[in-house]
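Letters A, B, ... mirror the listed sequences (proteins, then strands); counts begin at 1. What you are looking at is a predicted structure, and each value in this text was computed from that prediction instead of being measured.
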Amino acid sequence: MLILTCPNCGVTAEETEFHAGGEAHLKRFGPGSSEEEFEGYLFMRSNPKGVHFERWRHAYGCGKWFHVARDTTTLEVFGSYSAQTTEPPQDILDTIEDRRPGWSPAERPA
Amino acid sequence: MKKYSAFAVAREAMRHHTGWNRAWRDAQPKKRYDVIIVGAGGHGLATAYYLGKNFGITNVAILEKGWLGGGNTGRNTTIIRSNYLQDPSAAIYEKARSLYETMSQDLNYNVMFSPRGVIMLAQTEHEVRGYKRTAHANALQGVKTEFIGPERVKQLVPIIDLDGPRYPVLGGLWQARGGTARHDAVAWGYARACSDMGMDVIQKCEVTGIRQEGGKVTGVSTNRGDIDCDKLGIVVAGHSGHLADMAGFRLPIESVALQALVSEPIKPCMDVVVMANTVHGYMSQSDKGEMVIGGGTDGYNNYTQRGSFHHIEETVRALIETFPMISRLKMLRQWGGIVDVTGDRSPILSKTPVEGVFVNCGWGTGGFKAIPGSGWGMAELMAKGHSPLTEAFGLNRFREGRFIDESVAAGVAH
Ligand SMILES: Cc1cc2nc3c(=O)[nH]c(=O)nc-3n(C[C@H](O)[C@H](O)[C@H](O)COP(=O)(O)OP(=O)(O)OC[C@H]3O[C@@H](n4cnc5c(N)ncnc54)[C@H](O)[C@@H]3O)c2cc1C
Ligand SMILES: [Zn+2]
């Protein structure tokens with residue numbers, strides 16, 4: 001069971017209050033993009049064994065979306081942050097670096 | 001390989017069972033193989049088996065990081081059926097179901113295939129329409145299924161409550177030749193047959209890298225050294241994305257946990273498999289008498305082989321509505337497996353951007369039933385470069401928008 005904190009309303013609750021929304025920071029491709037880019041955006045996922053940046057919605061709370069950094073092999077939550085950003089903030093990256101020495105943000109897919 | 005038979009049992013009984021051999025050799029990795037299969041689950045082993053049996057390719061290694069069948073193959077609830085909607089699915093699942101019928105004889109290994117019949121309950125008007133449509137599609141595909149009314153459901157499943165508080169049972173999609181099999185035996189039977197053909201089944205051998213030269217695979221790195229190969233089959237279910245990452249491409253797959261549980265053993269009370277997709281639960285009774293129960297997947301990416309308790313609670317709540325008599329049952333065990341889910345709920349059997357590398361994955365919550373058909377098609381794909389069974393399941397279908405939408409047939413996870 002995950003315990004998450006919604007950065008929008010500050011509530012900390014267990015996972016039944018939230019809805020998982022899949023990989024975060026996908027770069028959106030639309031008209032004019034190549035087939036490969038469009039396919040990548042729509043379907044391809046990094047699905048990492050380890051650090052994962054993902055979207056969650058506070059479904060039974062304030063109803064808003066936010067982002068979480070979490071380890072898929074230990075279920076450790078590194079922190080949550082606003083959805084209004086295209087990449088994880090430095091303090092989240094620092095926490096991950098601290099907890100997973102040697103992990104490099106470069107491993108994140110573009 | 002010594003053949004198993006009633007005669008062999010009698011003979012061994014006479015000499016204190018001293019004459020049994022190991023079912024498969026404990027092989028050490030060689031320097032090079034024609035084909036390496038990563039993952040000794042049902043799909044990997046079946047692929048190797050049909051490579052040998054149908055195409056005479058036996059210089060094959062099957063590499064397994066843990067123990068044989070220790071992935072989803074040994075963790076599933078063993079439902080076998082082929083009542084899918086789309087033609088390519090019906091073809092591969094029905095091929096598999098029909099191979100299950102003769103698998104024990106074919107492998108000389110008792111996989112305990114039990115075609116006891118599977119009912120998928122229709123509990124909303126929408127489901128009634130959906131299953132009637134599937135029954136019609138199945139008739140055209142040559143898959144024998146039937147839409148049955150509530151009285152017939154009650155006849156087949158006396159312990160069911162047709163007038164549940166939320167969703168009354170309005171009918172069901174019935175496949176009389178669906179059923180269950182013993183999951184470990186499927187893995188063990190294939191492993192024994194592969195080993196007998198001279199293939200190496202190598203356990204505790206984890207692939208950690210995929211080596212390539214000029215866009216073509218040359219071998220793998222493992223915790224037991226480098227091994228070369230001409231062709232590589234990645235058949236690792238929940239770990240497919242991880243292996244694809246080693247090879248340098250991405251897959252349209254998310255790995256999530258799927259849980260199951262079994263009750264204490266009770267006297268025989270239900271001799272068919274019942275699935276209730278609207279309320280998210282399904283149940284069958286094992287030969288030992290345990291009620292085998294499963295439900296839906298957990299919502300988020302997960303590699304831990306355990307899931308969240310509230311999903312179990314949801315499943316059990318739904319099943320108590322449908323089968324009130326189980327409300328006092330004690331549950332014995334609960335576990336999870338990491339399943340590989342695609343957007344259209346259909347598998348991927350395909351070439352990849354790396355020459356010589358093939359993937360067989362995306363079976364998600366329902367691939368046990370497909371093991372022999374998938375191995376049959378995958379072996380043909382790897383040996384000849386194409387197969388009628390796997391053609392529609394290529395990776396290119398996502399780019400081309402040719403989805404094989406089975407979100408209705410896949411329904412609840414099974
Ligand atoms: C709880 C549950 C219930 C289910 N119920 C049903 C059901 O009723 N009916 C049905 O049809 N299906 C069901 N399924 C789905 C079914 O179990 C799977 O689709 C099927 O078993 C997949 O088989 P596989 O051979 O592809 O994968 P697996 O059996 O998971 O085998 C993959 C193997 O690859 C190995 N591996 C991974 N990474 C590496 C590496 N780097 N190096 C070497 N080896 C590696 C793993 O250790 C594993 O043994 C269920 C699944 C679960 C979890
Ligand atoms: Zn909130």
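- Highest contact tally toward chain B, considering only H19(A), E54(A), E35(A), is held by E35(A) [criterion: heavy-atom pairs under 4.5 Å].
- For chain A, the option among D298(B), D245(B), L251(B) with the highest count of heavy-atom pairs below 4.5 Å is L251(B).
- Side-chain atoms of F358(B) and L381(B), non-hydrogen and from C-beta on, do get closer than 4.5 Å to each other.
- Ring planes of F393(B) and W363(B): tilted class, angle from 30 to 60°.
- Salt bridge status for E39(A) with R399(B): present, with a side-chain N to carboxylate O gap under 4.0 Å.
- With chain B as partner, the option from N47(A), L2(A), T72(A) having the largest number of non-hydrogen pairs under 4.5 angstrom is N47(A).
- Geometric assessment of R75(B) against the ring of W335(B) yields a negative cation-pi assignment under the 6.0 Å and 45° thresholds.
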